[in-house]
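Since the structure comes first, as C-alpha coordinates, the remarks are kept for the end.
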Amino acid sequence: MNKRQFLKSTIGLSLTPSLAELLRQPATAEDEEFWAQVRKAYRIKPDYINLESGYYNILPQETLEKHLQHIRDINYHGSYYMRTTQFPDRKSMSKLVAEIVKCSPDDLILTRNTTESLDMIIGGFPWKAGDEAIFAIQDYGAMQDMFEQVSRRHGVVLKKISVPNHPLNDEEIVQVYANAITAKTKLVMVCHMVNVTGQILPIRKICDMAHAKGVEVMVDGAHAVAHIEFNLPDLHCDYYGASLHKWLAVPLGVGMLYVKPEHVSKIWPVFAENEVAAKGIERLNHLGTNPVHAHLAIQDAVNFYRQLGPARKEARLRYLQQYWTSQVRNVPGIEVNTPADPKRHGAIANVGVIKLKPAELAKQLFETYQIYTVAIDGNGVHGCRITPNVFTSTMELDQLVRALKELA
Ligand SMILES: Cc1ncc(COP(=O)(O)O)c(C=O)c1O
(Lines give C-alpha, C1' and ligand atoms only; values in the text may rest on other atoms or scores of the structure.)
Protein backbone atom coordinates (compact mmCIF):
# COMPACT_ATOMS: atom_id res chain seq x y z
CA MET A 1 0.00 0.00 0.00
CA ASN A 2 1.52 3.35 -0.95
CA LYS A 3 1.18 6.45 1.20
CA ARG A 4 -1.69 7.88 -0.75
CA GLN A 5 -3.71 4.66 -0.55
CA PHE A 6 -2.99 4.45 3.18
CA LEU A 7 -4.28 7.99 3.79
CA LYS A 8 -7.35 7.29 1.74
CA SER A 9 -8.16 4.15 3.69
CA THR A 10 -7.65 5.71 7.13
CA ILE A 11 -9.60 8.84 6.20
CA GLY A 12 -12.34 6.70 4.78
CA LEU A 13 -12.47 4.72 7.98
CA SER A 14 -12.48 7.66 10.35
CA LEU A 15 -15.18 9.52 8.41
CA THR A 16 -18.21 7.55 9.41
CA PRO A 17 -21.00 10.03 10.10
CA SER A 18 -23.20 7.30 8.66
CA LEU A 19 -22.22 5.11 11.60
CA ALA A 20 -23.65 7.60 14.11
CA GLU A 21 -26.79 7.78 12.00
CA LEU A 22 -27.01 4.00 11.79
CA LEU A 23 -26.62 3.61 15.54
CA ARG A 24 -29.50 6.02 16.12
CA GLN A 25 -31.90 3.55 14.45
CA PRO A 26 -34.31 1.84 16.84
CA ALA A 27 -33.12 -1.70 15.99
CA THR A 28 -33.61 -4.69 18.30
CA ALA A 29 -31.22 -7.41 19.43
CA GLU A 30 -32.51 -9.72 16.69
CA ASP A 31 -32.29 -7.34 13.73
CA GLU A 32 -29.53 -9.07 11.71
CA GLU A 33 -29.50 -6.33 9.09
CA PHE A 34 -28.72 -3.70 11.71
CA TRP A 35 -26.00 -5.79 13.37
CA ALA A 36 -24.46 -6.54 9.98
CA GLN A 37 -24.01 -2.76 9.62
CA VAL A 38 -22.48 -2.56 13.12
CA ARG A 39 -20.03 -5.28 12.03
CA LYS A 40 -18.84 -2.95 9.28
CA ALA A 41 -17.56 -0.57 11.95
CA TYR A 42 -14.84 -3.16 12.67
CA ARG A 43 -11.97 -4.56 10.64
CA ILE A 44 -12.61 -8.28 10.96
CA LYS A 45 -9.85 -10.77 10.22
CA PRO A 46 -11.25 -13.14 7.60
CA ASP A 47 -9.01 -16.14 8.46
CA TYR A 48 -11.16 -17.44 11.33
CA ILE A 49 -14.27 -16.71 13.36
CA ASN A 50 -13.22 -14.85 16.49
CA LEU A 51 -15.22 -16.26 19.41
CA GLU A 52 -12.61 -15.19 21.98
CA SER A 53 -13.65 -11.63 22.76
CA GLY A 54 -13.29 -12.57 26.43
CA TYR A 55 -9.57 -11.76 26.43
CA TYR A 56 -10.02 -8.35 24.91
CA ASN A 57 -12.38 -6.59 22.59
CA ILE A 58 -10.91 -5.35 19.35
CA LEU A 59 -11.68 -1.67 18.80
CA PRO A 60 -14.10 -0.40 16.20
CA GLN A 61 -12.11 1.39 13.48
CA GLU A 62 -13.38 4.76 14.61
CA THR A 63 -12.00 4.32 18.15
CA LEU A 64 -8.76 2.96 16.72
CA GLU A 65 -8.29 5.97 14.44
CA LYS A 66 -9.00 8.37 17.31
CA HIS A 67 -6.53 6.49 19.48
CA LEU A 68 -3.85 6.85 16.81
CA GLN A 69 -4.62 10.56 16.68
CA HIS A 70 -4.15 10.82 20.48
CA ILE A 71 -0.74 9.14 20.09
CA ARG A 72 0.21 11.68 17.42
CA ASP A 73 -1.08 14.63 19.46
CA ILE A 74 0.80 13.65 22.61
CA ASN A 75 3.94 13.03 20.60
CA TYR A 76 3.54 16.53 19.17
CA HIS A 77 3.05 18.28 22.51
CA GLY A 78 5.64 16.11 24.29
CA SER A 79 6.60 16.87 27.88
CA TYR A 80 4.48 19.99 27.79
CA TYR A 81 1.38 17.78 27.65
CA MET A 82 2.74 15.42 30.31
CA ARG A 83 3.37 18.32 32.70
CA THR A 84 0.13 20.19 32.08
CA THR A 85 -3.05 18.63 30.76
CA GLN A 86 -2.19 14.98 31.44
CA PHE A 87 -3.65 14.93 34.97
CA PRO A 88 -6.90 16.88 34.40
CA ASP A 89 -7.42 14.78 31.25
CA ARG A 90 -7.05 11.57 33.22
CA LYS A 91 -9.57 12.91 35.73
CA SER A 92 -12.12 13.73 33.03
CA MET A 93 -11.66 10.27 31.49
CA SER A 94 -12.17 8.55 34.85
CA LYS A 95 -15.32 10.65 35.30
CA LEU A 96 -16.69 9.17 32.07
CA VAL A 97 -16.04 5.67 33.38
CA ALA A 98 -17.74 6.60 36.68
CA GLU A 99 -20.78 7.64 34.64
CA ILE A 100 -20.87 4.23 32.96
CA VAL A 101 -20.89 2.35 36.28
CA LYS A 102 -22.98 5.11 37.92
CA CYS A 103 -20.71 5.79 40.89
CA SER A 104 -19.22 9.03 42.21
CA PRO A 105 -16.13 10.11 40.23
CA ASP A 106 -14.44 10.62 43.61
CA ASP A 107 -14.55 6.87 44.25
CA LEU A 108 -12.98 5.62 41.00
CA ILE A 109 -9.49 5.71 39.50
CA LEU A 110 -7.93 4.51 36.26
CA THR A 111 -5.44 1.65 36.49
CA ARG A 112 -3.85 -0.59 33.86
CA ASN A 113 -6.19 -3.55 34.28
CA THR A 114 -8.21 -5.71 36.67
CA THR A 115 -5.07 -7.48 37.88
CA GLU A 116 -3.52 -4.22 39.03
CA SER A 117 -6.77 -2.97 40.60
CA LEU A 118 -7.51 -6.10 42.62
CA ASP A 119 -3.92 -7.01 43.46
CA MET A 120 -3.51 -3.50 44.88
CA ILE A 121 -6.34 -4.23 47.32
CA ILE A 122 -5.19 -7.79 48.13
CA GLY A 123 -1.57 -6.66 48.57
CA GLY A 124 -2.39 -3.41 50.37
CA PHE A 125 -5.03 -4.71 52.77
CA PRO A 126 -3.93 -4.30 56.43
CA TRP A 127 -3.64 -8.05 57.08
CA LYS A 128 -2.73 -9.59 60.43
CA ALA A 129 -1.50 -13.16 60.87
CA GLY A 130 -4.45 -15.53 61.20
CA ASP A 131 -6.87 -13.32 59.23
CA GLU A 132 -8.91 -15.28 56.70
CA ALA A 133 -9.76 -14.54 53.06
CA ILE A 134 -12.26 -16.36 50.83
CA PHE A 135 -12.31 -16.81 47.07
CA ALA A 136 -13.51 -19.34 44.49
CA ILE A 137 -11.35 -21.87 42.67
CA GLN A 138 -12.98 -20.55 39.47
CA ASP A 139 -11.60 -17.04 40.14
CA TYR A 140 -8.90 -15.56 37.92
CA GLY A 141 -5.45 -17.07 38.53
CA ALA A 142 -3.55 -13.79 38.99
CA MET A 143 -5.65 -12.78 41.98
CA GLN A 144 -5.43 -16.26 43.47
CA ASP A 145 -1.63 -15.99 43.15
CA MET A 146 -1.69 -12.65 44.96
CA PHE A 147 -3.71 -14.16 47.80
CA GLU A 148 -1.16 -17.00 47.99
CA GLN A 149 1.58 -14.38 48.28
CA VAL A 150 -0.10 -12.48 51.13
CA SER A 151 -0.72 -15.83 52.77
CA ARG A 152 3.02 -16.59 52.72
CA ARG A 153 3.96 -13.04 53.62
CA HIS A 154 1.44 -12.16 56.34
CA GLY A 155 0.11 -15.53 57.51
CA VAL A 156 -3.35 -15.02 55.99
CA VAL A 157 -5.43 -18.21 55.91
CA LEU A 158 -7.08 -18.87 52.50
CA LYS A 159 -10.48 -20.55 52.21
CA LYS A 160 -11.37 -21.70 48.69
CA ILE A 161 -14.93 -22.40 47.67
CA SER A 162 -16.38 -23.72 44.39
CA VAL A 163 -19.19 -21.92 42.52
CA PRO A 164 -21.81 -24.38 41.15
CA ASN A 165 -22.13 -24.16 37.36
CA HIS A 166 -25.90 -24.64 37.52
CA PRO A 167 -27.22 -23.13 40.76
CA LEU A 168 -30.89 -23.66 41.66
CA ASN A 169 -31.18 -20.07 42.88
CA ASP A 170 -29.19 -17.12 44.26
CA GLU A 171 -29.43 -18.43 47.79
CA GLU A 172 -27.48 -21.56 46.89
CA ILE A 173 -24.53 -19.42 45.80
CA VAL A 174 -24.79 -17.01 48.74
CA GLN A 175 -24.80 -20.02 51.07
CA VAL A 176 -21.58 -21.40 49.56
CA TYR A 177 -19.80 -18.15 50.48
CA ALA A 178 -21.60 -17.85 53.85
CA ASN A 179 -20.50 -21.36 54.86
CA ALA A 180 -16.83 -20.37 54.51
CA ILE A 181 -17.05 -17.24 56.70
CA THR A 182 -15.73 -17.44 60.27
CA ALA A 183 -15.07 -14.83 62.97
CA LYS A 184 -11.59 -14.39 61.44
CA THR A 185 -12.73 -13.65 57.86
CA LYS A 186 -11.73 -10.20 56.65
CA LEU A 187 -12.21 -10.22 52.89
CA VAL A 188 -14.20 -12.15 50.28
CA MET A 189 -13.33 -11.95 46.58
CA VAL A 190 -16.14 -12.71 44.15
CA CYS A 191 -16.50 -12.52 40.38
CA HIS A 192 -19.32 -10.40 38.97
CA MET A 193 -19.14 -12.61 35.87
CA VAL A 194 -17.12 -15.81 36.25
CA ASN A 195 -14.46 -15.68 33.54
CA VAL A 196 -14.39 -19.41 32.72
CA THR A 197 -18.18 -19.89 32.40
CA GLY A 198 -19.70 -16.42 32.01
CA GLN A 199 -22.03 -16.99 34.95
CA ILE A 200 -23.28 -13.76 36.60
CA LEU A 201 -23.23 -14.01 40.39
CA PRO A 202 -25.70 -12.36 42.83
CA ILE A 203 -23.23 -9.76 44.05
CA ARG A 204 -25.55 -7.64 46.14
CA LYS A 205 -26.90 -10.65 48.05
CA ILE A 206 -23.36 -11.91 48.69
CA CYS A 207 -22.28 -8.44 49.89
CA ASP A 208 -25.28 -8.02 52.20
CA MET A 209 -24.71 -11.47 53.70
CA ALA A 210 -20.97 -10.79 54.20
CA HIS A 211 -21.53 -7.32 55.67
CA ALA A 212 -24.00 -8.73 58.18
CA LYS A 213 -21.04 -10.83 59.39
CA GLY A 214 -18.63 -7.86 59.37
CA VAL A 215 -16.74 -9.01 56.24
CA GLU A 216 -15.73 -6.82 53.27
CA VAL A 217 -16.27 -7.87 49.65
CA MET A 218 -14.02 -7.21 46.66
CA VAL A 219 -15.60 -7.78 43.24
CA ASP A 220 -13.78 -8.87 40.09
CA GLY A 221 -15.75 -7.04 37.41
CA ALA A 222 -13.34 -7.74 34.54
CA HIS A 223 -16.15 -8.99 32.28
CA ALA A 224 -19.09 -6.98 33.55
CA VAL A 225 -18.32 -3.31 32.79
CA ALA A 226 -20.00 -2.21 29.52
CA HIS A 227 -21.22 -5.79 29.02
CA ILE A 228 -24.15 -5.80 31.43
CA GLU A 229 -25.75 -2.66 32.82
CA PHE A 230 -25.53 -2.11 36.55
CA ASN A 231 -25.27 0.57 39.17
CA LEU A 232 -22.06 0.04 41.13
CA PRO A 233 -23.20 1.56 44.48
CA ASP A 234 -26.30 -0.69 44.33
CA LEU A 235 -24.05 -3.76 44.42
CA HIS A 236 -23.03 -2.74 47.98
CA CYS A 237 -19.47 -4.00 47.44
CA ASP A 238 -16.40 -2.47 49.09
CA TYR A 239 -13.97 -2.72 46.16
CA TYR A 240 -14.55 -3.26 42.43
CA GLY A 241 -11.92 -3.73 39.74
CA ALA A 242 -12.34 -4.09 35.97
CA SER A 243 -10.47 -4.01 32.66
CA LEU A 244 -11.73 -1.41 30.22
CA HIS A 245 -9.96 -3.09 27.27
CA LYS A 246 -12.51 -5.85 27.59
CA TRP A 247 -16.15 -4.85 27.03
CA LEU A 248 -15.77 -1.07 26.87
CA ALA A 249 -13.29 -1.63 24.00
CA VAL A 250 -10.73 0.91 25.21
CA PRO A 251 -7.17 0.33 23.87
CA LEU A 252 -5.16 -2.32 25.72
CA GLY A 253 -3.87 -1.44 29.16
CA VAL A 254 -6.66 0.54 30.84
CA GLY A 255 -8.59 -0.58 33.90
CA MET A 256 -10.56 0.89 36.78
CA LEU A 257 -10.71 0.57 40.53
CA TYR A 258 -13.59 1.61 42.77
CA VAL A 259 -13.07 1.82 46.52
CA LYS A 260 -15.77 2.73 49.04
CA PRO A 261 -14.60 6.02 50.58
CA GLU A 262 -14.39 4.65 54.13
CA HIS A 263 -11.76 2.05 53.06
CA VAL A 264 -9.42 4.30 51.08
CA SER A 265 -7.16 5.34 53.95
CA LYS A 266 -6.43 1.82 55.22
CA ILE A 267 -5.12 0.39 51.91
CA TRP A 268 -1.34 0.50 51.40
CA PRO A 269 -0.71 1.73 47.82
CA VAL A 270 1.62 -0.38 45.66
CA PHE A 271 3.28 2.80 44.41
CA ALA A 272 3.34 5.35 47.22
CA GLU A 273 1.77 8.69 46.45
CA ASN A 274 2.73 11.90 48.22
CA GLU A 275 0.34 11.59 51.17
CA VAL A 276 0.06 15.35 51.63
CA ALA A 277 -0.78 16.11 48.02
CA ALA A 278 -2.98 13.06 47.40
CA LYS A 279 -6.51 13.38 48.57
CA GLY A 280 -9.02 10.56 48.75
CA ILE A 281 -8.69 7.68 46.31
CA GLU A 282 -5.89 9.54 44.45
CA ARG A 283 -3.49 8.16 47.08
CA LEU A 284 -3.92 4.77 45.36
CA ASN A 285 -3.29 6.21 41.90
CA HIS A 286 0.41 6.86 41.49
CA LEU A 287 0.96 5.30 38.05
CA GLY A 288 4.34 6.66 37.03
CA THR A 289 4.78 7.59 33.38
CA ASN A 290 2.41 5.49 31.32
CA PRO A 291 0.75 5.36 27.87
CA VAL A 292 -1.72 8.16 28.56
CA HIS A 293 -3.00 8.24 24.96
CA ALA A 294 -4.88 5.04 25.80
CA HIS A 295 -6.68 6.96 28.57
CA LEU A 296 -7.72 9.64 26.07
CA ALA A 297 -9.38 6.98 23.93
CA ILE A 298 -11.85 6.34 26.76
CA GLN A 299 -13.95 9.25 25.48
CA ASP A 300 -14.12 7.63 22.03
CA ALA A 301 -14.94 4.17 23.39
CA VAL A 302 -17.63 5.63 25.65
CA ASN A 303 -19.04 7.52 22.71
CA PHE A 304 -19.32 4.35 20.62
CA TYR A 305 -20.82 2.44 23.57
CA ARG A 306 -23.40 5.13 24.23
CA GLN A 307 -24.37 5.34 20.58
CA LEU A 308 -24.75 1.59 20.40
CA GLY A 309 -26.87 1.81 23.54
CA PRO A 310 -25.91 -0.07 26.73
CA ALA A 311 -29.28 -1.86 26.99
CA ARG A 312 -29.27 -2.79 23.30
CA LYS A 313 -25.70 -4.06 23.45
CA GLU A 314 -26.46 -6.19 26.50
CA ALA A 315 -29.60 -7.57 24.85
CA ARG A 316 -27.71 -8.44 21.65
CA LEU A 317 -24.90 -10.18 23.54
CA ARG A 318 -27.37 -12.23 25.58
CA TYR A 319 -29.35 -13.03 22.43
CA LEU A 320 -26.22 -14.31 20.66
CA GLN A 321 -25.35 -16.55 23.59
CA GLN A 322 -28.84 -18.01 23.69
CA TYR A 323 -28.94 -18.34 19.91
CA TRP A 324 -26.29 -21.05 19.92
CA THR A 325 -26.55 -22.53 23.44
CA SER A 326 -30.27 -23.25 22.94
CA GLN A 327 -29.38 -25.38 19.90
CA VAL A 328 -26.83 -27.57 21.69
CA ARG A 329 -27.91 -27.62 25.36
CA ASN A 330 -29.87 -30.86 25.03
CA VAL A 331 -27.69 -32.60 22.43
CA PRO A 332 -26.21 -35.89 23.76
CA GLY A 333 -22.42 -35.65 24.17
CA ILE A 334 -22.47 -31.85 24.59
CA GLU A 335 -22.39 -30.10 27.95
CA VAL A 336 -23.08 -26.38 28.39
CA ASN A 337 -21.42 -25.26 31.62
CA THR A 338 -23.29 -21.95 31.91
CA PRO A 339 -26.81 -21.51 33.31
CA ALA A 340 -29.70 -21.06 30.85
CA ASP A 341 -31.48 -18.42 32.98
CA PRO A 342 -30.95 -15.12 31.09
CA LYS A 343 -30.28 -13.20 34.31
CA ARG A 344 -27.32 -15.50 35.00
CA HIS A 345 -25.35 -14.87 31.79
CA GLY A 346 -24.42 -12.33 29.12
CA ALA A 347 -22.41 -13.05 25.96
CA ILE A 348 -20.16 -15.75 27.42
CA ALA A 349 -20.85 -19.47 27.72
CA ASN A 350 -18.65 -22.50 28.19
CA VAL A 351 -19.28 -25.68 26.23
CA GLY A 352 -17.69 -29.12 26.40
CA VAL A 353 -17.85 -32.09 24.05
CA ILE A 354 -17.76 -34.95 26.51
CA LYS A 355 -15.53 -37.28 24.49
CA LEU A 356 -12.89 -34.58 23.83
CA LYS A 357 -10.49 -32.88 26.20
CA PRO A 358 -11.02 -29.08 26.08
CA ALA A 359 -7.62 -28.51 24.44
CA GLU A 360 -8.50 -31.03 21.72
CA LEU A 361 -11.91 -29.40 21.24
CA ALA A 362 -10.29 -25.97 20.84
CA LYS A 363 -7.76 -27.44 18.38
CA GLN A 364 -10.42 -29.10 16.25
CA LEU A 365 -12.66 -26.05 16.30
CA PHE A 366 -9.76 -23.99 15.03
CA GLU A 367 -8.15 -26.37 12.57
CA THR A 368 -11.24 -28.00 11.10
CA TYR A 369 -13.86 -25.27 11.46
CA GLN A 370 -11.75 -22.07 11.64
CA ILE A 371 -13.33 -21.03 14.95
CA TYR A 372 -11.05 -19.42 17.52
CA THR A 373 -11.92 -20.07 21.21
CA VAL A 374 -10.04 -20.81 24.42
CA ALA A 375 -9.91 -24.14 26.29
CA ILE A 376 -10.67 -24.22 30.02
CA ASP A 377 -9.85 -27.45 31.85
CA GLY A 378 -10.03 -27.49 35.62
CA ASN A 379 -11.90 -26.51 38.77
CA GLY A 380 -15.16 -28.10 37.68
CA VAL A 381 -15.17 -26.50 34.23
CA HIS A 382 -14.20 -28.57 31.19
CA GLY A 383 -14.88 -27.01 27.81
CA CYS A 384 -14.19 -24.07 25.56
CA ARG A 385 -15.18 -20.55 26.50
CA ILE A 386 -17.20 -19.05 23.67
CA THR A 387 -17.36 -15.27 23.61
CA PRO A 388 -19.15 -13.56 20.73
CA ASN A 389 -19.20 -9.79 20.38
CA VAL A 390 -21.44 -7.16 18.79
CA PHE A 391 -19.75 -7.87 15.44
CA THR A 392 -20.53 -11.60 15.61
CA SER A 393 -23.15 -12.79 13.13
CA THR A 394 -25.66 -15.58 13.69
CA MET A 395 -24.19 -17.22 10.57
CA GLU A 396 -20.88 -17.55 12.41
CA LEU A 397 -22.69 -19.11 15.35
CA ASP A 398 -24.43 -21.54 12.95
CA GLN A 399 -20.94 -22.70 12.03
CA LEU A 400 -20.16 -23.25 15.74
CA VAL A 401 -23.37 -25.24 16.27
CA ARG A 402 -22.64 -27.41 13.23
CA ALA A 403 -19.08 -28.02 14.46
CA LEU A 404 -20.15 -28.96 17.99
CA LYS A 405 -22.79 -31.38 16.74
CA GLU A 406 -20.37 -33.03 14.33
CA LEU A 407 -17.64 -33.32 16.96
CA ALA A 408 -20.05 -34.78 19.53
C1 LIG B 1 -12.47 -12.59 35.73
C2 LIG B 1 -11.17 -12.00 35.30
N3 LIG B 1 -10.47 -11.28 36.19
C4 LIG B 1 -9.31 -10.70 35.88
C5 LIG B 1 -8.79 -10.81 34.62
C6 LIG B 1 -7.49 -10.14 34.32
O7 LIG B 1 -7.65 -9.12 33.44
P8 LIG B 1 -6.37 -8.24 33.03
O9 LIG B 1 -5.41 -9.18 32.40
O10 LIG B 1 -6.92 -7.24 32.09
O11 LIG B 1 -5.85 -7.68 34.29
C12 LIG B 1 -9.46 -11.52 33.65
C13 LIG B 1 -8.92 -11.66 32.29
O14 LIG B 1 -9.44 -12.33 31.43
C15 LIG B 1 -10.68 -12.15 34.01
O16 LIG B 1 -11.36 -12.87 33.12
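Because the structure is predicted, anything quoted here is derived from the model rather than measured.
- Donor-acceptor pairing under 3.5 Å is recorded for the side chains of T325 and Q321.
- In this structure the side chain of M218 never reaches within 4.5 angstrom of the side chain of D238, judged on heavy atoms.
- Separation of atoms CD (E116) and CG (L118) is listed at 10.5 Å; rounding is to 0.5 Å.
- With 3.5 Å as the limit, one finds no donor-acceptor pair spanning the side chains of E30 and Y323.
- A donor-acceptor contact shorter than 3.5 Å links the side chain of Q299 to the backbone of L296.
- F147 is not listed as a side-chain neighbour of V156, based on a closest heavy-atom distance of 4.5 Å or more.
- Residues Y258 and Y239 place their aromatic rings such that the two centres sit no closer than 6.0 Å.
- Between the side chains of D300 and H70, a donor-acceptor pair is found at a separation under 3.5 Å.
- Salt bridge E148/R153: absent, no basic N to carboxylate O contact under 4.0 Å.
- For the pair E282 and R90, the salt-bridge criterion is not met [side-chain N within less than 4.0 Å of a carboxylate O].
- Taking CG from N50 and CD from Q370, the interatomic distance works out to 14.0 Å, rounded to the nearest 0.5 Å.
- Counting only N and O atoms by type, the side chains of H263 and K266 include a donor and acceptor under 3.5 Å apart.
- The neighbour count for R112 CZ, taken as heavy atoms of other residues, nucleotides or ligands under 6.0 Å away, does not exceed 12.
- The CG atom of D139 sits 11.5 Å away from atom CD1 of I134, with the distance rounded to the nearest 0.5 Å.
- Using modelled atom types, no side-chain atom of S94 and backbone atom of L110 make a donor-acceptor pair closer than 3.5 Å.
- Residues Q69 and D73 bring a donor and an acceptor atom of their side chains to less than 3.5 Å of each other.
- At a cut-off of 3.5 Å, with distance as the only test, a side-chain donor of N303 or Q307 sits close to an acceptor on the other residue.
- Of the charged side-chain nitrogens involved, none lies within less than 4.0 Å of a carboxylate oxygen, so that D31 and R316 do not count as a salt-bridged pair.
- Y372 and F366 have perpendicular rings, their planes meeting at more than 60° on a 0 to 90° scale where under 30° would count as parallel.
- Using a distance-only test at 3.5 Å, with no hydrogens or angles considered, a donor-acceptor pair links the side chain of N165 to the main chain of G380.
- To the nearest 0.5 Å, atom CZ of residue F125 and atom CE of residue M120 are 15.0 Å apart.
- Between A297 and T63, the shortest heavy-atom distance links the atoms O-CG2, 4.3 Å.
- Taking the six-membered ring wherever Trp is involved, the centroid distance between the rings of Y240 and F230 falls below 6.0 Å.
- Note on K343 versus D341: salt bridge recorded, some NZ/NE/NH1/NH2 to OD/OE distance being below 4.0 Å.
- Considering L400, L397, I386 as possible partners of I371, the one that fulfils the side-chain contact (heavy atoms from CB on, under 4.5 Å) test is L400.
- Side-chain contact, T197 with T338: no donor N or O sits under 3.5 Å from an acceptor N or O.
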side-chain contact (heavy atoms from CB on, under 4.5 Å) between K186 and E132, worked out: CA-CA 6 Å; K186 291 290 183 304; E132 293 178 5; over 6 Å; no
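- With K313 contributing its side chain and A226 its backbone, the two residues share a donor-acceptor pair below 3.5 Å.
- Of the possible donor and acceptor atoms, one in the side chain of H245 sits under 3.5 Å from a partner among the backbone N and O of G253.
- Remark: the S393 side chain and the E32 side chain contain no N/O donor-acceptor pair separated by less than 3.5 Å.
- Under the 4.0 Å criterion applied to side-chain N and carboxylate O atoms, R318 and E314 are assigned as salt-bridge partners.
- For NZ of K355, the number of neighbouring non-hydrogen atoms (other residues, nucleotides, ligands) closer than 6.0 Å is 12 at most.
- Using modelled atom types, no side-chain atom of S53 and backbone atom of P388 make a donor-acceptor pair closer than 3.5 Å.
- No side-chain N or O of R283 forms a donor-acceptor pair with one of N274 less than 3.5 Å apart.
- Taking the charged nitrogens against the carboxylate oxygens, E52 and R385 do have a contact shorter than 4.0 Å, which makes a salt bridge.
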Applying side-chain contact (heavy atoms from CB on, under 4.5 Å) to V190 and L201, what does each step give before you reach the verdict? CA-CA 8 Å; V190 55; L201 299 183; 3.8 Å; yes
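- Surrounding NZ of K357 are at most 12 heavy atoms belonging to other residues, nucleotides or ligands under 6.0 Å away.
- Looking at heavy atoms from C-beta onward, F304 lies in side-chain contact with L23 at the 4.5 angstrom threshold.
- With hydrogens and angles ignored, the 3.5 Å screen pairs a side-chain donor or acceptor of T111 with a backbone N or O of N113.
- For E171 and K205, the salt-bridge test passes: some basic side-chain N is under 4.0 Å from an acidic carboxylate O.
- No hydrogens or angles considered: nothing links the side chains of N389 and Y42 as a donor-acceptor pair under 3.5 Å.
- Aromatic ring centres of H236 and H211 lie farther apart than the 6.0 Å criterion allows.
- Side-chain polar atoms of Q199 and H166 form no donor-acceptor pair below 3.5 angstrom.
- The heavy-atom pair separating H223 from H227 by the smallest distance is O-ND1, 2.9 Å.
- Checked for salt-bridge contact, R402 and D398 miss the test: no charged N lies under 4.0 Å from a carboxylate O.
- Of the possible polar contacts, none joining the D107 side chain to the K260 backbone as a donor-acceptor pair under 3.5 Å is found.
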